[in-house]
2 protein chains.
Amino acid sequence: MSPSARPVRGSTTGRPIMVLLDLIGQRWTLRILWELQPGPETFRSLQARCGDISPTVLNTRLKALREAGLVDAGDEGYRLTEDGRSLGQHLLALDAWAREWADHRPAPST
Amino acid sequence: MSPSARPVRGSTTGRPIMVLLDLIGQRWTLRILWELQPGPETFRSLQARCGDISPTVLNTRLKALREAGLVDAGDEGYRLTEDGRSLGQHLLALDAWAREWADHRPAPST
DNA sequence: TCATATGCTACGATTTTAGTAGCGTCAATC
DNA sequence: GATTGACGCTACTAAAATCGTAGCATATGA
């Protein structure tokens, strides 16, 4: 099987940034990291947090994130590794960026 | 038609970070921003830079990125807006992060 | 034994992405 | 003024990813 996991679709260069872009350029990956930031979550609670993402995808993503060393599974469920947390810092930065961004633009909402 | 464009699939909260995660959680979006960082590119040169991404997707992404105010089109082709460049700074940070990340791990390559 | 919650797989339906061909426009060349 | 080549981009089909739901196997408590 091993469908996605490592293929690095868009790039075969192996450049770390490309590997990363490939990983986080998949739906839910960043969201999962985001939801895991406050603390460990069980499979089902994580699923709920992500708006009832299908378990198929959640499991696929968790597998990839674990292989990437960003997430691991313990007694309390899934949680970020040290790497995961340091990447999470960047997500926090993006959160701040996004607020300003949403602030000063025509607001494409509705 | 207007297929994707704005739907904000994973989240209907409207929270900026969710809108952003939804946008960049699509294949090629981040890659396009990345490739646009050095300077303006024409549609076709950008396509080439992205490993011959299909024009359908490229155009869809460019449309979304323009609506998001991250990219615009000028005489020299497509280029990052000011917002696009500031987001690009975060990509540079991620690049640095990714290098270290790739550095101290079992290397899932090959 | 029964009820409940867990992590997770199966599988058909829907949506997205890929891949290729090609149109209409424009500028340079012949 | 017909041809060539590059441009931005659309059309269309096939492949792949994602969704959505059902449900299994295990564990825990009542």
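Order of the sequence lines fixes the chain letters, A, B, ..., with proteins taken first and strands second; residue numbering starts at 1 for each chain. Only this structure's heavy atoms are used, side chains among them; waters, hydrogens and symmetry mates stay out.
- Atom CZ of B/Arg61 is separated from atom C1' of C/dA18 by 12 Å (rounded to the nearest Å).
- Axis angle between the ends of the helix from C/dT1-D/dA30 to C/dC30-D/dG1, five pairs each and rounded to 10 degrees, works out to 10°.
- Between A/Arg99 and A/Asp103 no salt bridge is recorded (no basic side-chain N to carboxylate O distance below 4.0 Å).
- Proximity of A/Arg27 to the phosphate of C/dT15: no side-chain N or O atom is located under 4.0 Å from OP1 or OP2.
- Inter-residue side-chain proximity for A/Thr42 and A/Tyr78 is flagged as unmet; no heavy-atom pair is nearer than 4.5 Å.
- Looking at heavy atoms from C-beta onward, B/Met18 lies in side-chain contact with A/Arg31 at the 4.5 angstrom threshold.
- No more than 12 heavy atoms of other residues, nucleotides or ligands shown are found within 6.0 angstrom of CZ on B/Arg79.
- Taking atom CG on B/Leu58 and atom P on C/dG19, their separation rounds to 14 Å, with Å as the unit.
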For nucleotides 6-14 of chain D, just jot down a letter per nucleotide in 5' to 3' order: B, S or -, based on protein non-hydrogen atoms under 4.0 Å.
-> -BBBBBB--
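- Residues B/Val71 and B/Leu33 have side chains in contact (heavy-atom distance under 4.5 Å, counting atoms from C-beta outward).
- Look at CD on B/Gln26: it is 12 Å from C1' on C/dT15, rounded to the nearest Å.
- Between B/Lys63 and B/Glu67 no salt bridge is recorded (no basic side-chain N to carboxylate O distance below 4.0 Å).
- In this structure, the side chain of B/Trp101 engages the main chain of A/Ala68 through a donor-acceptor pair within 3.5 Å.
- Distance CG (A/Leu46) to P (C/dA5): 18 Å, rounded to an integer number of Å.
- Taking atom CG on A/Asp52 and atom C1' on D/dT18, their separation rounds to 15 Å, with Å as the unit.
- Between B/Trp97 and A/Ile17 there is no side-chain heavy-atom pair separated by less than 4.5 Å.
- Side-chain nitrogen and oxygen atoms of A/Trp28 include at least one within less than 4.0 Å of the OP1 or OP2 phosphate oxygen of D/dC19.
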